[in-house]
Enquirer: 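Got a structure for you, written out below as structure tokens; questions coming shortly.
All values reported here derive from a predicted model rather than from experimental measurement.
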Amino acid sequence: MAKELKELTTREENYSQWYNDLVVKADLAENSAVRGCMVIKPYGYAIWEKMQRQLDDMFKETGHVNAYFPLFIPKSFLSKEADHVEGFAKECAVVTHYRLKTNPDGTGVVVDPEAKLEEELIVRPTSETIIWSTYKNWIQSYRDLPILCNQWANVVRWEMRTRLFLRTAEFLWQEGHTAHATESEALAEARKMLDVYAQFSEEYMAVPVIKGVKSANERFAGAVETFCIEALMQDGKALQAGTSHFLGQNFAKAFDVKFVNKENQLEYVWATSWGVSTRLMGALIMAHSDNNGLVLPPKLAPFQVVIVPIYKSEEQLAAISEKVAQITTELKQLGISVKYDDSDNRKPGWKFAEYELKGVPVRLAMGARDLEHATVEIMRRDTLEKETVSFDGIAVHIQHLLDDIQTNIYKKAFDYRASVTREVNSYDEFKEEIEKGGFLLCHWDGTPETEERIKEETKATIRCIPLNGDKTPGKCMVTGKLSAQRVVFARSY
RNA sequence: CGGAGUUUAGCGCAGUUGGUAGCGCGCUACGUUCGGGACGUAGAGGUCGGGCGUUCGAGUCGCCUAACUCCGACCA
């Protein structure tokens, strides 16, 4: 059995530190010279690219197309939707000038006061406003609808306190912005994309999620309804993994976007927006990893199999490499990505530890002993179990193993969540239970005041009003007033 | 933005009453090794976060400033 890495803080010692150590030591990302902004390193970016590719395919399959809108938004645009500007104003980066000049004293450059912009530009915190000002020109008739656009972009939100992947001042995401002729169509779109996110999270990230609706307090600034998927991390805290908003006609009204319907009547357009960000990386890391490092689901691992040769001479290495080439070819034919690490500056033991840290799902080790017996040692990252198997049929064996790992880590995350999800019926019990973490299913009277009070007293928020599950009415645990159904409470990231 | 801590070689750290900077890992070369983070020998690598001050003399003392980490506040 592998021993734990010396340099990695354990989850039990300090979960938060464990996460930070892991992100840096597994070469996923690091802090940059710019406050709150991270550098995503090649290994981390490779995971993000896999997420992007899969999500992009899913968006295309559901009829969406990609486009690109400007990074800058005129200040006046942001203020056209009242709730929207209120939600974002406090965290906007603002461009005020367009030129620098040499400092009169010769030391570097200064902002040229002559080059002040007529109207300041906001670095987009999200693109609803610039997109809806554009859609105005694209839409005249019901025949122009629906518009189903997505963009992959970076956005900036000037956060006070940042953490790699979970909350950074600049982050990468996709934002879908759709325009529809009817309310029901827009609502269906918002729900459809929520399902896409949930499917992606569960099937690819192996992270089980609860689909639900946000309470008014947690709703997106400018939305009529916010749908979300909520995931649970190993420390018992919740993480919002994706949101899909039904925007009603709010942005159409703010930007005066009307269309002529079949009856030749002018109507405002109905809208949705939906997004997931590099925060998903944080969810992925925290959901599965252990004290030895990352545990990646095979479907998102930059490479699924790593092969480490164990040799004493060049001749031995050559013999091993020849055998490895056969295995690699077979694996690639099955669509399995492989890395053969025959670098001679690291010993096998070092490589074992390194690839465990990086979460490679399956590791093969091959030495003289294996050549002699026509076998390979296989280790699976999720359970750290080793077995020695014959060359024959190894590719198919690994294919099954990868499927099994994908299923197993999902099940592990699912079982963990189930073990810390429970119904709580009194506020006293709630205050006690919330300290233990996990999801608490409770009755709530539906008012923002009660939610606010619970938040102040316990730091817990309503993660969502679940779409599925128990719909039995009851009485609010705080006020005793009527409650339509249980909602999900947790402390969150 | 408030409170606390940190900042010295690529990374992790030590540095005494103020006297001119060191250890481990890593890196380079060579050799021995190679089935769970090997070892030996020889090397390279520093305006001590930045600025100002006190002093004959500052990594060390004082003030300012920046970044990072943690705890709050804020946050879709």
Enquirer: Check whether the side chain of A:Arg167 and the base of B:C75 form a donor-acceptor pair under 3.5 Å.
Expert: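 Per atom types, the contact qualifies.
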Enquirer: Taking B:A42 as the reference, what is the distance to B:C68 when you measure between their C1' atoms (whole Å, please)?
Expert: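 These two C1' atoms come out 37 Å apart once rounded.
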Enquirer: Return the nearest nucleotide to the side chain of A:Glu354; candidates are B:C70, B:G37, B:G36.
Expert: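 Within the option list, the nearest is B:G37.
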Enquirer: Any side-chain N or O of A:Lys459 less than 4.0 Å from the OP1 or OP2 oxygen of B:A73?
Expert: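 Checking A:Lys459 against B:A73: no side-chain N or O falls below 4.0 Å of OP1 or OP2.
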Enquirer: Considering only side-chain heavy atoms of A:Lys347, which listed nucleotide, B:A67, B:C34, B:G72, is closest?
Expert: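 Of all the options, the side chain of A:Lys347 is nearest to B:C34.
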Enquirer: Using atom C1' in both nucleotides, what's the gap between B:C52 and B:A14 to the nearest angstrom?
Expert: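 B:C52 and B:A14 have their C1' atoms separated by 28 Å.
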Enquirer: Can you check the distance between B:G45 and B:A21, where both ends of the measurement are the C1' atom (answer in whole Å)?
Expert: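 Per the computed distance, 14 Å lies between those C1' atoms.
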Enquirer: For B:C27, give its Watson-Crick or G-U wobble partner with both distances under 3.5 Å, or none.
Expert: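 Result: B:G43.
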Enquirer: Classify A:Ala365 by what it touches in the nucleic acid, base, sugar-phosphate, or nothing, heavy-atom distance under 4.0 Å.
Expert: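 A:Ala365: base contact, heavy atoms under 4.0 Å.
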Enquirer: Students often get this wrong, so: under 4.0 angstrom with heavy atoms, is A:Gly36 touching a base, only sugar-phosphate, or nothing?
Expert: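 The answer is sugar-phosphate, as A:Gly36 gets under 4.0 Å only of primed atoms, P, OP1 or OP2.
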Enquirer: When the P atoms of B:C63 and B:A4 are compared, how many Å lie between them, rounded to an integer?
Expert: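 Going atom to atom, P in each nucleotide, I get 13 Å.
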Enquirer: Can you tell which of B:G72, B:C34, B:C70 lies closest to the side chain of A:Ser16?
Expert: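 Closest nucleotide among those given: B:C70.
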Enquirer: To the side chain of A:Arg161, which of B:C71, B:G37, B:G35 is closest?
Expert: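 Closest nucleotide among those given: B:C71.
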Enquirer: Going by purine N1 to pyrimidine N3 plus the second Watson-Crick contact, or the G-U wobble pair, all under 3.5 Å, which nucleotide sits opposite B:U33?
Expert: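 Per the H-bond distance test, none.
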Enquirer: Looking at the side chain of A:Ala353, which of B:G36, B:C70, B:U33 is the nearest nucleotide?
Expert: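 The answer is B:G36.
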Enquirer: Do A:Asp342 and A:Lys351 meet the salt-bridge criterion of a basic N to acidic O distance under 4.0 Å?
Expert: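 Judged by the 4.0 Å cut-off on N to carboxylate O distance, A:Lys351 and A:Asp342 do not form a salt bridge.
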Enquirer: Can you check the distance between B:G37 and B:G26, where both ends of the measurement are the P atom (answer in whole Å)?
Expert: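 So the two P atoms sit 13 Å from each other.
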Enquirer: For B:G35, does OP1 or OP2 lie under 4.0 Å from any side-chain N or O of A:Arg369?
Expert: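 No, outside the criterion.
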Enquirer: How are the rings of A:Trp173 and A:Phe171 set relative to one another: parallel (under 30°), tilted (30 to 60°) or perpendicular (over 60°)?
Expert: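 Judged by the thresholds at 30° and 60°, the geometry between A:Trp173 and A:Phe171 is perpendicular.
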Enquirer: Could you check which of B:G35, B:C75, B:C70 has an atom nearest any side-chain atom of A:Glu91?
Expert: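 That would be B:C75.
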Enquirer: Quick one: the side chain of A:Lys386 and the base of B:G35, do they pair up donor-acceptor inside 3.5 Å?
Expert: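 Between B:G35 and A:Lys386, which were checked side chain against base, a qualifying N/O pair under 3.5 Å is absent.
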Enquirer: How far does the C1' atom of B:A9 sit from the matching atom of B:G24, given to the nearest Å?
Expert: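 After rounding to an integer number of Å, I get 12 Å for this pair.
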Enquirer: Give one of base, sugar-phosphate or nothing for A:Arg463, where a contact means two heavy atoms less than 4.0 Å apart.
Expert: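 The answer is nothing, as A:Arg463 stays clear of every strand by at least 4.0 Å.
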Enquirer: Could you check, using the six-membered ring where one of them is a Trp, whether A:Trp48 and A:Phe165 have ring centers closer than 6.0 angstrom?
Expert: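 No, too far apart.
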Enquirer: Between B:A67, B:C34, B:U69, which one does the side chain of A:Asn20 approach most closely?
Expert: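 The listed nucleotide nearest to A:Asn20's side chain is B:U69.
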Enquirer: Can you figure out which of B:G35, B:G36, B:C1 approaches the side chain of A:Met160 most closely?
Expert: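 So the nucleotide nearest the side chain must be B:C1.
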Enquirer: Is it true that the NZ or CZ of A:Arg417 lies under 6.0 Å from the centre of A:Phe439's six-membered ring and within 45 degrees of the ring axis?
Expert: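 Checked: cation-pi criterion not met.
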Enquirer: Taking the P atom of each, how far is B:G15 from B:G19, in whole Å?
Expert: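 Here B:G15 and B:G19 have their P atoms 13 Å from each other.
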Enquirer: Between the base of B:G37 and the side chain of A:Arg346, is there a donor-acceptor distance below 3.5 Å?
Expert: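 A donor-acceptor contact between them is absent.
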Enquirer: Quick check against the 3.5 Å criterion: does A:Ser289 have a side-chain atom that pairs as donor or acceptor with the backbone of A:Val295?
Expert: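 Side chain of A:Ser289 to backbone of A:Val295, a donor-acceptor pair under 3.5 Å: yes, one is there.
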Enquirer: Any salt bridge linking A:Lys192 with A:Glu185? Criterion: basic side-chain nitrogen under 4.0 Å from a carboxylate oxygen.
Expert: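 Salt bridge flag = no for A:Glu185 with A:Lys192.
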Enquirer: Could you give the distance separating B:A58 and B:G18 at their C1' atoms, to the nearest angstrom?
Expert: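 That atom pair is separated by 6 Å.
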Enquirer: What nucleotide, of B:C75, B:G72, B:U69, holds the atom closest to the side chain of A:Lys455?
Expert: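 It is B:C75.
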Enquirer: In Watson-Crick or G-U wobble terms, both distances under 3.5 Å, what is the partner of B:C68?
Expert: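 Across all strands, the one nucleotide that pairs with B:C68 is B:G5.
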Enquirer: Is there a donor in the side chain of A:Thr461 and an acceptor in the side chain of A:Arg463, or the other way round, less than 3.5 Å apart?
Expert: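 Judged by distance alone, the side chains do pair up.
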